[in-house]
Every structure is written in structure tokens, then in C-alpha cells.
Amino acid sequence: MNELFPGLAQEIVSGVALGCIYALIALGFTLIFKATEVVNFAQGELMMVGAYVNFFFITIFLDSLGFGNWPSFILALIASIGFSVLFGVFLDFAINKPLKDEPVFSMIMATISVAIILRAVVALIAGPITLVPPSPFGNSVIRLGSVAISTLDLFIILSAVILVSIFYIIFNKTRWGLAMQATAEDPMAAGLMGIPVKKVYRNVWIFATIVATIGGVLLAPRTLLDTNMGFLGLKAFPAAVLGGFGSIPGAIVGGVILGVVETISMGTLSFHFHWIKEINDVIVWIVLILVLMIRPVGILGKEEVERV
Amino acid sequence: MKGRYEDENLKWIALLILLVLLVPFLLQGMTYSYRYYLYVLNIAGIYMILTVGLDLLSGYTGQVSLGHAGFLAIGAYSSAILVDQAGIPFGLSLILASLITGVFGLMIGFPALRISGMYLGLTTMGFGFIVRRIIIALRDWTEGSAGLAVSKPQLFGFTFNNDLHNYYLIYTFVILAVILARRIVKSKLGRAFQAIRDSGHAAQAAGINLSKYKLISFFISAIFAGLAGALFAHTMRFISTDHFDILLSIYFIIMVLVGGTSSIYGAVLGTLFIVSLDYLIVPQFKDWLSTFMSLEAGDIQSLIFGLIMFLFIIFQPTGLYGMWIKMRIYWKLFPFNPKKRFT
């Protein structure tokens, strides 16, 4: 086993880390979908904006103000989360307020056009250069036997698990979560029961933007930072769907499965079977279609009973 | 007894056809750059054939597809390979390419029998990605991602040399597609589609074979897309996988939605609107803006496109067709309009 697949354990570990990034983006999709039934096509772009803003703050704190390494990373993270709160409020104002009585598809189209706008604006401001964001952990790695895992990856996995559990608890155990579930079920009935529907919508957008920003901050040092980062949102789509659209634990399950499948197919499988190389970047979609043929609502999705 | 098609106002169709025939000459009389306008109209025409088919699938049957660029690609590549490498005449390859694409439509229709809504959208999106990858992998025939040069269309010994010839070729098929689609919608088939969209269970209870009609819907939609793809390959004369990306699929669904779903003319109108926005209005804006400041080309273009789209959705969420209906009500009630009707 070990002779045949020398890098397999290593690939699984870094696949889990990649999958946790997918899970963070998928979590954003899921949050907005759960409360508003809108599929937010701009989630990947929100992540990209978050990563750029964080990079901007890091350069300010680190270079211009001359703070130390750790304080500037933490301050930058806080500053970008503050920015994403404002941005979430703005998105709610721009997309949700004018369109809340219109059919869902108009809102989906609005998110698509917001995605186009965001990508163009960031490209205009930041230029076409690919940035190399610094990592707070440097290049340090932790060794477990033959498997090495970078501290950054470990941090990514931890924060994904923590965030997903936080939102799981918020959604299922708190009054706010109950309000969100009721709003998703029927906004008008929820309003009549005294739930502040507008506030619920605004909070959902804020949550989704924060999650996207954290995802972007964590991902940026792992890859490089350019405007194409938003396309990763398209890869997180199958993660959200595979786990079951609208299921919070499903986001992490789907994300990890797809992350592992992707890294293994790029590494070991491509090494042993050459034809796999051709379909490397669509293997995620092939897995998705195969799973959906067996379980049409995703792994953890609930089957909805349609009333006639 | 009233005939099935009597409520259709056929005079308008004749007028519309006449307008389509005359447009190139009107353009020629009005502007010097009419060749460019013709080129844009040709692209719009090709997309119209596709979006009419997409409207049958997504608007009438309620099966969301985010993979129609994949069908377009299959049609384009199969026709290019059939004509240039297998030596089949263009007229025959139009039919063959459409049928090949139709078979692919059936293939993606099978998983769609169990999946619905967002899950189906994602499955079709994945289909679009996979098609692109497979086209690149079949390097021997398609020259991979380098792109493929295609021969000019030839029908009955006549070669379509320039955009004017192509215009008539394309719009012949557009008119045929629109008429065919309207006939389908008004037939038993169309009523079955609409019943499935409104409620699958109720349709089944009324004796409609769900899987049969869903598959038929995918098949027809893919045939339209394949026809559009074949025309695309031969009139644009160059195809590459870069063109058939996910953004194009999303644009197609936007065209249908902007025009207003479940309306064949809506799909045509929406396509015309989005294509002219992309090729005519946005460049105009860009030129106007660049008199004030120095700009980089690609980004500002997509920025303006996104902004116009966004504002349009905010102020006209029901699309062009909804606007048209509001206008019709306005004129019907003309002297006695309620003040807030015309918004």
C-alpha cells in the first residue's frame, strides 16, 4: 500500500485543508439560501474582495505603520471583518431591499451582476498584477510521522470546523436561528408573528460576507491573490450541493469530499493513470453528478415533500 | 368551433418577417459601419435560436439549465468536424449536428428525471464544464484549446461569403425556430410541459408521463442549441473552447429571464437586448467615458455591463416582457390611466 501510493496520506491531508476552504465558501451559500432561498452567485467574489481588503490592511499595518508581525495580522483581520460587516449591510441595501417582493430569480440575477461588477471594480483598482500575500505562519510545517502539514492548513481546518459549528449552533439552538428558519419558510407569516424580517435578512447577508472574508483571508496565502480567485466560488458550488444545499454540516462534508477527491486525482491518480490528467479540473463535477444520481438531494440534504 | 391557432395574429408575423428581410438595407442606408451591426445581428440571431430552445426547457418545462453553452459547443464542433473532416455537405451536417446534440440532451435529461431546482442547475453546469474538457481532450479532431478554423457554409452550390449572406441564412432559421417553438407551445406537448412546470405531481395525476415529456423537452432544447452551434461554427468561421464557458451559459439564462420566461418572443427580445448591450451600447459608453479619463479596456467594459444589468433588474425586475405588458395596459386604458401604473 505504502509503496504503491507513497503520497496518499499527504494528499488526503492537504485535500482536507482545501476542502475546508470550499466548505467556508459553501457555508456562505448555505446561509443566504437558508434564510432567503436566493443562490448567491457573488459568494466567490465576496471572498476575493475580502482577501484584497485584508491584503490592503496588512500592507498598511505592516509596512506603513510598522507594527509587528502578529499584531498587524490580527488588526488586519479585525479591520477586514469590520469592512465586511459594512459591505454586508450595503449588499442587503443594494440587492435585498429593492428586490424582496420580486421573484427569486431576479435576485439571483442581481447577484450575478454584482459578481461581474465586483470583479471589474477590483481589477480596475488593484490592476492585473498577481499579489503574493504573506502568511502569518511563514512556511512552518508540523510533522506527524511521514505526513507534513503546514501550520496554515491546520489553522484553515480548525477555523472551518469552528465556524461551521458556530453557525450550526446559531441556526438550530438560538432565537435568531429560529427566526431565520421561520423567515425562510414564509417571510410574511414570520413578519406577522413578530419576527423582524428585515433585520434577519440583513444579518444573513452580514454573516455571509464575514464568512466569505475569513475564507478569502485564509485562502490568499495558500494560493496567490488575483481577480480570478472569485472563480473558486464556482468550485464551492458543487461542495454545497454535494453536502445538500441548505444543510450547514453538509457544507463541510461536501467540501472535504471534493477537496480530497481533487487533490488525489491531481496527485496519485494522475501519476498512475494518464487519462485522469485530462479530466483533472472537472473531476469534481463528475463526482457531483454521480452522487446526485444516487441521492438527488445531496448527502445530508432533506428530501422535500411537495404539496399538490 | 375555434381552431387551435386562431388567436394568433398572423398579420404581425408577416410584418415581422418583412422587417427582418429589410433590416440590412435599412442599416446600409443609415450608417457606414453597417457591417459591424450585421455581425452583431448575426450573433444575436444564433443566440436567439438557442434561447428559444432554452425557454422551452427552462421557461415552459421549468427545468433550469446552466449548461447550454455546452450544447452550443457540441453542435459547433460536431458540425465543423463533419463538414471539414468527414466531408459531409453543410445542409446535411446542420441536421446531423442538431441530432447529435439532441442525443446529448437526452443523456443529460436522464439524471434530470430525479433532480430538480438548484441541483439540476448545478448538474447542467457541470455538464458544460465536462463538455469543454472532453473537447480539449479529443485533440486529434478538435485541435484542443488552440481552436478550430471552419469552412464557409455552402447550400445547394451557393457559398455564403459575407455577413449579409450569413444574415439571411441565420434569420431563416430564426424565423423557423420561432414559428416551430410557438407551435410546440400551443400543442399537446407544450401544454404537457407547462403542466409539469406548474406541478409535477398534478401533471402525473392527470396522466402525463413525466419522464417521457421531460426527456422530450431536453431533446428539443438541445436540438435548437445544436442548430445554433452548427450555424455559429460556420458563420463565425472560428471556434475555440474559450468561447463556450460558463459565463456564456449564464448569459443565456439571463437573456431568457430578461425577456421574460415562458414567452417565445420574450426570449428573442431578451437576446437582442443583451447582445446589443454587450456589443453596441457598452462600447459606446466606454468611448464616451474614455474622453474623460484613461481606462483599461476589458475591465471597464464588464463593469458597465454589470452596472446596466444591475440597474435594469432593480428597476425592471419582471423583464422586458413585463414592461411590454405594462405598456399595453397603459395604452388600453389610455385616457384614464391610474397615475402609478406606468413605472
Side-chain angles (χ1 to χ4, degrees), chain A residues 33 39 41 94-95 98-99 101-103 105-110 112-125 127-128 227 231 234 237-238 240-242 244-246 275 277-290 292-298 301 304 306-308, chain B residues 64 108 110-111 113-134 136-139 199-205 246-247 250-251 253-254 257-258 261 295-296 298-319:
Chain A
F33 182 77
V39 182
F41 273 81
I95 299 178
L99 292 176
D101 298 328
E102 304 298 341
F105 72 74
S106 351
M107 222 187 293
I108 293 177
M109 287 207 308
I112 294 175
S113 48
V114 163
I116 298 172
I117 293 172
L118 284 182
R119 191 173 301 155
V121 167
V122 171
L124 278 177
I125 294 174
T227 43
F231 283 118
L234 286 181
F237 250 130
V241 168
L242 186 68
F245 219 70
W275 55 270
K277 231 181 271 174
E278 296 284 354
I279 55 166
N280 248 335
D281 43 351
V282 293
I283 196 141
V284 166
W285 296 96
I286 295 173
V287 171
L288 173 80
I289 292 176
L290 289 180
L292 283 187
M293 280 165 95
I294 300 162
R295 255 195 80 83
V297 287
E304 274 183 30
E306 191 191 342
R307 232 180 284 161
V308 181
Chain B
V64 184
I108 199 71
F110 271 112
L113 296 179
R114 297 192 59 188
I115 310 169
S116 62
M118 211 40 230
Y119 299 96
L120 180 60
L122 263 283
T123 307
T124 48
M125 194 197 254
F127 167 76
F129 284 117
I130 293 169
V131 164
R132 254 182 87 179
R133 245 0 267 198
I134 289 175
I136 293 176
L138 296 174
R139 245 168 235 111
S199 164
H201 291 293
Q204 210 163 16
I246 170 69
L247 228 60
I250 292 178
Y251 276 6
I253 208 92
I254 287 178
L257 293 175
V258 161
T261 44
L295 293 165
E296 281 163 63
D299 301 327
I300 197 79
Q301 188 137 349
S302 54
L303 175 64
I304 297 169
F305 182 83
L307 272 178
I308 294 179
M309 272 293 306
F310 184 71
L311 293 176
F312 183 81
I313 294 160
I314 296 288
F315 292 111
Q316 268 315 332
T318 46

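Computed from a predicted structure; not experimentally measured. Each chain gets a letter, A, B and so on, in the order the sequences are listed, and its residues count up from 1.
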- Phe310(B): partners by ring pair (Phe, Tyr, Trp, His ring centres under 6.0 Å), with sequence neighbours left out: none
- Where Ser113(A) and Gly306(B) come nearest, the two heavy atoms and their spacing: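 In this case the closest contact between Ser113(A) and Gly306(B) is CB-O, 3.6 Å.
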- Taking all non-hydrogen atoms of both residues, which atom of Arg114(B) and which atom of Met293(A) are closest, and how far apart? NH1-O, 2.8 Å
To the nearest 0.5 Å, tell me how far [X] [atom1] sits from [Y] [atom2].
X	Y	atom1	atom2	answer
Phe129(B)	Ile286(A)	CZ	CD1	12.5 Å
Ile112(A)	Ile250(B)	CD1	CD1	5.0 Å
Ile130(B)	Ile289(A)	CD1	CD1	4.0 Å
Ile314(B)	Leu99(A)	CD1	CG	4.0 Å

Extract all donor-acceptor atom pairs below 3.5 Å that involve side chains of residues 115-125 of chain A and protein atoms in other chains or at least two apart in sequence.
unit_1, atom_1, unit_2, atom_2, d
Arg119(A), NE, Glu45(A), OE2, 3.3
Arg119(A), NH2, Glu45(A), OE2, 2.1

- Task: Using non-hydrogen atoms and a 4.5 Å limit, figure out which bit of Ile246(B) sits close to chain A: side chain, backbone, both or neither.
- Result: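 For Ile246(B), side-chain heavy atoms alone lie under 4.5 Å from chain A.
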- Message: For Val241(A), which atoms come within 4.5 Å of any heavy atom of chain B: side chain, backbone, both, or neither?
- Response: both
- At a heavy-atom separation under 4.5 Å, does Phe33(A) approach chain B through its side chain, its backbone, both, or neither? neither
